[in-house]
Novice: 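Sending over a structure as structure tokens; questions will come in a sec.
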Amino acid sequence: IDAGANIGAASFFFMMHAPKKKIIAIEPDESNCKLFELNMKPFSNVRLLRSALHNVDSKTMRIKNPDAPKYSYQMEEGDSDIKTVSINSILEKYNIARIDVAKIDIEGGEKALFEENVEWLNICDMLIIELHEHYNPGCGIALLRAISKFDVTVDWQGENLIITKR
């Protein structure tokens, strides 16, 4: 899972290191999606969903800060053509039994993502997440509550928190 896929840098990295794996990428911005598709053209096992990752499906979202750089768009409920998608529904739709890595960089959307419907964590081996507590207070505590029942290692690498199941 590559949530907050932007133009595909992380997906490209993952394909270079695990070319037979399937990647489901989620990105809400249309222009980022167009660049993502160009960058991922060599790979047939990458799927891009123009959506906002959330804990439920089909909420209508809009970009909260349209004047910000495209890599830092935040989402809020409102009128637009952007709908939410949950990891649980992605797993069902694409018949995914295991998540090797979920890379999550969704500019404050982590709070909603980890507040409920986190069953997908049972089959996720590693989270690479950039928390945006400064955009949306409560992101960190929502994540900690969601992973509290698992035996994990936690490491910081730059701005990313890497959580790995033991």
Side-chain angles (χ1 to χ4, degrees), residues 1-114 117-121 123-132 135-136 139 143 157-163:
I1 303 284
D2 181 0
N6 194 267
I7 64 168
S11 289
F12 193 90
F13 174 84
F14 292 138
M15 281 289 95
M16 294 288 88
H17 289 84
K20 294 184 179 182
K21 293 291 183 173
K22 182 187 315 185
I23 293 180
I24 307 298
I26 305 106
E27 171 59 43
D29 178 62
E30 186 173 7
S31 62
N32 284 341
C33 286
K34 287 177 183 176
L35 288 171
F36 181 99
E37 289 171 346
L38 285 172
N39 291 331
M40 294 298 108
K41 202 168 196 154
F43 307 107
S44 61
N45 48 342
V46 178
R47 298 284 173 263
L48 175 63
L49 308 177
R50 182 172 177 248
S51 299
L53 190 63
H54 202 279
N55 63 37
V56 296
D57 296 313
S58 301
K59 279 189 175 190
T60 303
M61 304 294 275
R62 68 173 176 219
I63 295 171
K64 178 180 179 178
N65 56 340
D67 295 330
K70 293 181 183 207
Y71 59 81
S72 63
Y73 283 159
Q74 298 167 45
M75 304 305 293
E76 66 182 359
E77 287 190 50
D79 290 338
S80 85
D81 62 343
I82 303 167
K83 297 287 187 190
T84 60
V85 64
S86 69
I87 292 181
N88 289 333
S89 69
I90 290 170
L91 297 175
E92 185 177 327
K93 180 177 181 178
Y94 293 97
N95 197 29
I96 298 170
R98 180 128 227 100
I99 302 171
D100 295 320
V101 177
K103 174 256 171 190
I104 300 170
D105 184 0
I106 55 175
E107 307 302 315
E110 313 85 67
K111 182 177 180 195
L113 178 65
F114 290 107
N117 300 326
V118 293
E119 300 81 12
W120 60 272
L121 287 171
I123 62 161
C124 182
D125 295 331
M126 177 185 287
L127 287 172
I128 301 173
I129 184 165
E130 182 178 342
L131 289 174
H132 297 88
Y135 291 152
N136 196 1
C139 294
L143 171 65
Q157 295 290 321
E159 60 193 9
N160 293 309
L161 184 61
I162 304 184
I163 302 165

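Quick note: residue numbers are just sequence positions, from 1.
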Novice: Answer yes or no: is there a donor N or O on one side and an acceptor on the other, between the side chain of E110 and the main chain of G108, under 3.5 Å?
Specialist: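 Yes, because the side chain of E110 sits within donor-acceptor range (under 3.5 Å) of the backbone of G108.
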
Novice: Take K59 and H54 through the side chain to side chain contact (heavy atoms under 4.5 Å, CB included) test and state the conclusion after the steps.
Specialist: CA-CA 9 Å; K59 279 189 175 190; H54 202 279; 3.8 Å; yes

Novice: Among D100, V101, I24, L127, which one satisfies side-chain contact (heavy atoms from CB on, under 4.5 Å) with I1?
Specialist: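 Looking at D100, V101, I24, L127, the match for I1 under the side-chain contact (heavy atoms from CB on, under 4.5 Å) is I24.
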
Novice: Which of parallel (below 30°), tilted (30 to 60°) and perpendicular (above 60°) describes W120 and F114?
Specialist: tilted

Novice: Give, for atom CG of D105 and atom CG of N6, the distance between the pair rounded to the nearest 0.5 Å.
Specialist: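 Going from CG on D105 over to CG on N6, the span is 8.5 Å.
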
Novice: Does OH belonging to Y94 count more than 12 external heavy atoms closer than 6.0 Å?
Specialist: yes

Novice: Could you tell me if the side chain of I87 sits less than 4.5 Å from the side chain of E119, heavy atoms only?
Specialist: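 Heavy-atom side-chain distance check fails, nothing below 4.5 Å.
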
Novice: Write down the atom of M16, the atom of P19, and the distance for their closest heavy-atom approach.
Specialist: O-CD, 4.3 Å

Novice: Looking only at the side chains, is there a donor atom on one of N88 and S86 sitting less than 3.5 Å from an acceptor on the other?
Specialist: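 Note: N88 and S86 side chains miss the donor-acceptor criterion.
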
Novice: I'd like to know if the side chain of K103 reaches the main chain of G4, judged simply by a donor and an acceptor atom lying under 3.5 Å from each other, with no hydrogens or angles considered.
Specialist: yes

Novice: Could you go through R50 and D29, starting from their C-alpha distance and side-chain angles, then the distance that decides it, and tell me whether this counts as salt bridge (charged side-chain N to carboxylate O under 4.0 Å, His left out)?
Specialist: CA-CA 7 Å; R50 182 172 177 248; D29 178 62; 5.9 Å; no

Novice: Work out which heavy atom in I90 is nearest to a heavy atom in V85; give both atom names and the distance.
Specialist: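 That would be CG1-CG2, 3.8 Å.
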
Novice: Does L48 reach the side chain of E27, with side-chain heavy atoms less than 4.5 Å apart?
Specialist: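 Answer yes - side chains close enough.
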
Novice: Where do K70 and Y73 land on the side chain to side chain contact (heavy atoms under 4.5 Å, CB included) test, with the steps shown first?
Specialist: CA-CA 6 Å; K70 293 181 183 207; Y73 283 159; 3.4 Å; yes

Novice: In the structure I gave you, are the side-chain heavy atoms of R62 and I82 within less than 4.5 Å of one another anywhere?
Specialist: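 Side-chain contact under 4.5 Å: no.
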
Novice: Is it the case that the side chain of N55 and the backbone of A112 share a donor-acceptor pair, with hydrogens and angles ignored and the cut-off at 3.5 Å?
Specialist: yes

Novice: Can you give me the closest heavy-atom contact between L143 and I129, atom names plus distance?
Specialist: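 It is CD2-CG2, 4.2 Å.
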
Novice: Should E107 and Y71 be marked as a side chain to side chain contact (heavy atoms under 4.5 Å, CB included) after you check the CA-CA gap, both sets of side-chain angles, and the distance that decides it?
Specialist: CA-CA 9 Å; E107 307 302 315; Y71 59 81; 5.9 Å; no

Novice: If you look at every heavy atom in A52 and M61, which pair is closest and at what distance?
Specialist: CB-CG, 4.3 Å

Novice: Identify the two heavy atoms, one from D2 and one from A10, that lie closest to each other, and give their separation to 0.1 Å.
Specialist: OD2-CB, 3.7 Å

Novice: So do the side chains of I23 and R47 get within less than 4.5 Å of each other, counting heavy atoms only?
Specialist: no

Novice: For the residue pair H132 and Y135, categorise the inter-ring angle as parallel (less than 30°), tilted (30 to 60°) or perpendicular (more than 60°).
Specialist: parallel

Novice: If I take atom CG from residue D81 and atom OG1 from residue T60, how far apart are they, to the nearest 0.5 angstrom?
Specialist: 9.5 Å

Novice: Check for a donor-acceptor pair, side chain of N39 on one end and backbone N or O of G8 on the other, with a separation under 3.5 Å.
Specialist: no

Novice: Check this for me, if you would: do R98 and D125 make a salt bridge, where the nitrogen-to-carboxylate-oxygen distance has to be below 4.0 angstrom?
Specialist: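 Salt bridge: yes.
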
Novice: About how many Å separate CG of N65 and CE of M75, when rounded to the nearest 0.5 Å?
Specialist: 9.5 Å

Novice: Once rounded to the nearest 0.5 Å, what's the spacing between atom CD1 of I104 and atom SG of C124?
Specialist: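 So the CD1 of I104 and the SG of C124 are separated by 7.0 Å.
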
Novice: If you define the side chain from C-beta out and look only at heavy atoms, does anything of L91 sit under 4.5 Å from I99?
Specialist: yes

Novice: CG of L131 to SG of C139: how many Å apart, nearest 0.5 Å?
Specialist: 6.5 Å

Novice: Under 3.5 Å, side chain of N45 to main-chain N/O of K21, donor-acceptor pair present?
Specialist: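 Yes, the answer is positive, given that a donor and an acceptor are paired below the 3.5 Å cut-off.
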
Novice: Give a yes or no on whether the backbone of V56 and the side-chain of T84 come within a donor-acceptor separation of less than 3.5 Å.
Specialist: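 Side chain of T84 to backbone of V56: a pair is present.
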
Novice: Do V46 and F36 come within less than 4.5 Å of each other through their side chains, counting heavy atoms only?
Specialist: yes

Novice: Check the pair S80, I63 against side chain to side chain contact (heavy atoms under 4.5 Å, CB included), reporting the backbone distance first and the verdict last.
Specialist: CA-CA 9 Å; S80 85; I63 295 171; over 6 Å; no

Novice: Which value, rounded to the nearest 0.5 Å, describes the distance between Q157 atom CD and L161 atom CG?
Specialist: 10.5 Å

